[in-house]
Peer 1: 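Mind looking over this structure? Questions follow.
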2 protein chains.
Amino acid sequence: MTVPNPTTASRPLPPTASPLFLREDEIRRGIELLYFGYSSMIRGADAILDREGFGRAHHRALYFIARRPGLPVGDLLRLLAITKQSLGRVLTELQSRSLVEQAIGTTDRRQRLLRLTPAGTALEASLFAELETGMASAYGEAGQSAVTGFWSVLIGLIPAQDRALVESLRQG
Amino acid sequence: MTVPNPTTASRPLPPTASPLFLREDEIRRGIELLYFGYSSMIRGADAILDREGFGRAHHRALYFIARRPGLPVGDLLRLLAITKQSLGRVLTELQSRSLVEQAIGTTDRRQRLLRLTPAGTALEASLFAELETGMASAYGEAGQSAVTGFWSVLIGLIPAQDRALVESLRQG
DNA sequence: GATTTGGGACAGTCATGTTGACATATCTTG
DNA sequence: CAAGATATGTCAACATGACTGTCCCAAATC
C-alpha cells in the first residue's frame, strides 16, 4: 500500500483531517464515476444485443475482432481475460450465426484467425454507434484536454504489465 | 444519433478520411481504456471477495451502504439498477453474516435504513483499500488536471437524468 | 376507505463465468 | 526425426448474479 490507511466511516474529525478526507472523497468520486460511466456507456448497446439474442460477452468478442481483423483466438483470450471454455461457447454461437469466421493462420497454421463477416461487421457497427453516441458527446462536453486526462488516468489504472496488450489495439 | 454513421471496417479510404478516422480511433480508445481501466480497478478486490465467499454484487452493496449510512433499500436499488429480487438475495446474505443491519425509517416507517456493522465496516474498508491503491497511483501518475478531465468525461457519459443520483453520493 | 409505495419472498430461467480433463494439429528444439 | 511445447477445441459439471412473474404485508397518502 502506497498510502496511509484511511478508514471509511466515523472518523472523529481530527484537526488535520481535511486533506486526507478530501483525498478519500476524490478517490471515491473516481470509483463511482468510473462505475456509473462504464455502466452508462454499455447500457446503450444492450437493447440491440437483446433483440439479437446476444449478451455482453458476444459484444466484447465482436468488438475486438472488429478492431483487429485476423486476431488469433489466443490473443482474444488474453484481451478478454476469460477461460477458453467461456470464449469457445461465445465464438461457436457467433460462427453459427455467420457473424464471425475463421481462417487458418499463415505463419502458424495452428492459429485460427478471426474476422467478421459482412453481417458481423454490420452488427458491430450498430453496436459501436451506440457507444459512440455517448462517448462523442462526453468528449464534446468535456473538451480535448479533458479527454487526454481521461485517458491518462485510465492508463494509470491498468497494471503496467497489461498496458502493452491494450496499446496493441491502437490504430496501425 | 448526433453523429454521422461511420462504419467500422473496410472503409475505402476516401481522400478526406483522416479527421473522421482519427475521431473513430479516439472513440475506440476511450471505449477500450474505460473497459480495461474499470476491469483493472475492480480486479484487486476480487481476491478478498473470493476469500469471504462473496461476489461483486455484495461488494457494490457494501460500498454504497458505507458511502451513505442509513440508505433506504429503494435508493440502493436505484443506484445499482438491478431488480428487487436480485438485491434481496444479496442483502439477506450480508445480514445473515452480520455485515449489514437494518433500522426502521424514522420519517417513513415503511423504509428499511441500511448500515454496516463494525464487521461490515472493516470488510468494506479492506475492499476500499484495494480500489484506492490503484486509483491513488493513477491519480498520482496523471496529475490533478488529468483527474479533473477524467471526472468530466465520465460525468458526460452518464445520461443527464441519472447525474443527480450520482451526485447525491457526494460528501455532505 | 381506497390506492400507492416500500419492502420481502417464492419459483423458475438465463448468461456468463469457473475447473479439470482430454484430444488434435502444428511448431520448435535437441 | 523424436520429443516436447503451443494453439485450439471440446466435454461434463458447476457457481454466480442477473432476469421475469407472481404474490404478500405494512405503512403512507389521497
Side-chain angles (χ1 to χ4, degrees), chain A residues 35 38-39 42-43 45-65 70-97 100-115, chain B residues 35 38-39 42-43 45-65 70-97 100-115:
Chain A
Y35 170 68
Y38 178 74
S39 301
I42 55 182
R43 199 149 292 152
D46 285 349
I48 297 175
L49 292 168
D50 270 13
R51 196 185 318 143
E52 298 288 331
F54 290 130
R56 289 180 183 173
H58 302 87
H59 187 183
R60 289 192 286 270
L62 286 172
Y63 180 91
F64 288 118
I65 298 170
L71 190 75
V73 171
D75 286 10
L76 184 53
L77 227 32
R78 278 181 286 276
L79 283 168
L80 297 175
I82 59 176
T83 58
K84 196 169 45 162
Q85 294 73 9
S86 293
L87 178 58
R89 181 177 31 207
V90 169
L91 284 182
T92 300
E93 288 167 10
L94 291 173
Q95 286 170 341
S96 76
R97 292 268 298 268
V100 166
E101 58 191 9
Q102 287 186 344
I104 304 261
T106 49
T107 64
D108 184 339
R109 290 172 46 83
R110 292 170 304 180
Q111 291 183 328
R112 298 295 174 270
L113 307 182
L114 302 167
R115 61 184 63 248
Chain B
Y35 170 68
Y38 177 74
S39 302
I42 55 182
R43 197 150 294 151
D46 285 348
I48 296 177
L49 292 168
D50 270 13
R51 197 186 318 143
E52 298 287 332
F54 289 130
R56 290 180 183 173
H58 302 86
H59 186 185
R60 289 193 286 269
L62 286 171
Y63 180 92
F64 287 117
I65 298 169
L71 190 74
V73 173
D75 286 10
L76 183 54
L77 226 33
R78 278 181 285 277
L79 283 168
L80 297 174
I82 59 176
T83 59
K84 195 170 45 162
Q85 294 73 10
S86 295
L87 178 58
R89 181 182 29 208
V90 169
L91 285 182
T92 300
E93 288 167 10
L94 290 173
Q95 285 170 340
S96 76
R97 291 270 298 268
V100 166
E101 57 192 11
Q102 286 186 345
I104 304 264
T106 49
T107 64
D108 185 338
R109 289 171 46 81
R110 292 170 304 178
Q111 290 184 330
R112 297 295 175 270
L113 307 183
L114 302 167
R115 60 183 64 249

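Per chain, numbering begins at 1; letters A, B, ... match sequence-line order.
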Peer 1: Is the shortest heavy-atom distance from the side chain of A:Leu49 to the side chain of A:Ile42 under 4.5 Å?
Peer 2: no

Peer 1: So, using salt bridge (charged side-chain N to carboxylate O under 4.0 Å, His left out) as the criterion, who are the partners of B:Arg78 when residues are at least two apart?
Peer 2: B:Asp75

Peer 1: Please state how far atom CZ in B:Arg78 lies from atom P in C:dT5, giving the value in whole angstrom units.
Peer 2: 11 Å

Peer 1: For A:Gln95, what residues pass the side-chain hydrogen bond (donor to acceptor under 3.5 Å, both in side chains) criterion, not counting sequence neighbours?
Peer 2: none

Peer 1: Reading nucleotides 17-30 of chain C 5' to 3', which nucleotides get B (base under 4.0 Å from a protein heavy atom), which S (sugar-phosphate only), which -?
Peer 2: BBBBB---BBS---

Peer 1: To the nearest angstrom, how far is B:Leu77 atom CG from C:dT5 atom C1'?
Peer 2: 13 Å

Peer 1: A side-chain contact here means heavy atoms from C-beta on lying under 4.5 Å apart; do A:Leu79 and A:Leu71 qualify?
Peer 2: yes

Peer 1: Quick one: side-chain hydrogen bond (donor to acceptor under 3.5 Å, both in side chains) partners of A:Arg97, sequence neighbours excluded?
Peer 2: A:Glu52

Peer 1: Sequence neighbours left out, what passes side chain to side chain contact (heavy atoms under 4.5 Å, CB included) with B:Leu80? Give chain and number order.
Peer 2: A:Tyr35, B:Arg60, B:Phe64, B:Leu76, B:Ile82, B:Leu87

Peer 1: Contact class for B:Gly88 vs. all strands (heavy atom < 4.0 Å): base, sugar-phosphate, or nothing?
Peer 2: nothing

Peer 1: For A:Glu101, which residues count as a salt bridge (charged side-chain N to carboxylate O under 4.0 Å, His left out) partner, sequence neighbours excluded?
Peer 2: none

Peer 1: With a 4.0 Å heavy-atom cut-off, tell me which residues in residues 47-55 of chain B come close to DNA chain C, sorted by residue number.
Peer 2: none

Peer 1: Test of understanding: with side-chain hydrogen bond (donor to acceptor under 3.5 Å, both in side chains), list the residues that count as partners of B:Arg56, not counting sequence neighbours.
Peer 2: B:Asp46

Peer 1: Rounded to the nearest angstrom, tell me the gap between atom CG in B:Leu94 and atom C1' in C:dG8.
Peer 2: 16 Å

Peer 1: A:His58 side chain N/O closer than 4.0 Å to the phosphate oxygens (OP1, OP2) of C:dT16?
Peer 2: yes

Peer 1: What nucleic acid atoms does A:Gln102 come within less than 4.0 Å of, heavy atoms only: base, sugar-phosphate, or nothing?
Peer 2: sugar-phosphate

Peer 1: For B:Gln85, which residues count as a side chain to side chain contact (heavy atoms under 4.5 Å, CB included) partner, sequence neighbours excluded?
Peer 2: B:Thr83

Peer 1: First contact, last contact: which nucleotides of DNA chain D are these for chain B, 5' to 3', heavy-atom distance under 4.0 Å?
Peer 2: D:dG17 to D:dA28

Peer 1: Among all residues two or more places apart in sequence or in another chain, which pass the side chain to side chain contact (heavy atoms under 4.5 Å, CB included) test with B:Leu113?
Peer 2: B:Pro72, B:Gln111

Peer 1: Check side-chain hydrogen bond (donor to acceptor under 3.5 Å, both in side chains) between A:Arg110 and all other residues, then give those that pass, not counting sequence neighbours.
Peer 2: A:Asp108

